[in-house]
Amino acid sequence: MHGVRGLGAHGADLSLGANLIVAGDLNAGDLTGLFMYCINILMSLRMLSMTIVMITMSSASARRVVEVLTEQCDMPAAKRRSPSSRMGP
């Protein structure tokens with residue numbers, strides 16, 4: 001759904017820009033430059049948001065690893081056998 005709205009907004013910008021170019025108020029290069037600036041800004045924002053998500057996920061994973069490593073064993077200790085009894089009769 002987000003992609004359809006994005007295409008609609010981009011199409012509206014393109015239509016407005018085309019009308020301005022036909023009227024002589026805007027150059028084609030200026031419209032292209034505007035689109036490139038918008039794309040660069042949006043890509044930077046996308047990378048920033050992905051970095052924030054990765055940091056959040058890493059933080060949760062680190063907390064779980066620390067929780068597992070600090071967990072105390074509640075199983076009873078096994079009876080130790082001497083090394084000679086492991087070799088058999």
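Each residue takes its place number in the sequence, starting with 1. All heavy atoms count here, side chains included; hydrogens, waters and symmetry mates do not.
- Partner of Met43 under the side chain to side chain contact (heavy atoms under 4.5 Å, CB included) criterion, chosen from Ile39, Ile41, Asn40: Ile39.
- The line from CZ of Arg63 to OG of Ser58 is 11.0 Å long, rounded to the nearest 0.5 Å.
- With rounding to the nearest 0.5 Å, the separation of CG in Leu16 from CG in Leu26 is 8.5 Å.
- Residues meeting the side chain to side chain donor-acceptor pair (under 3.5 Å) test with Thr70, sequence neighbours left out: none.
- Interatomic distance, Met54 CE to Ser49 OG, rounded to the nearest 0.5 Å: 11.0 Å.
- Sequence neighbours left out, the pairs with a member in residues 27-52 that pass ring-ring contact (aromatic ring centres under 6.0 Å, His included) are His10-Phe35.
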**Asked** side-chain contact (heavy atoms from CB on, under 4.5 Å) between Val53 and Met57: does it pass, once the steps are laid out?
**Response** CA-CA 6 Å; Val53 168; Met57 290 170 49; 3.8 Å; yes
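- With rounding to the nearest 0.5 Å, the separation of CG in Asn27 from CG in Leu34 is 12.5 Å.
- Interatomic distance, CD1 of Ile55 versus CE of Met50, reported as 12.0 Å (0.5 Å rounding).
- Within the structure, the ring-ring contact (aromatic ring centres under 6.0 Å, His included) test picks out no pair touching residues 39-63 (sequence neighbours left out).
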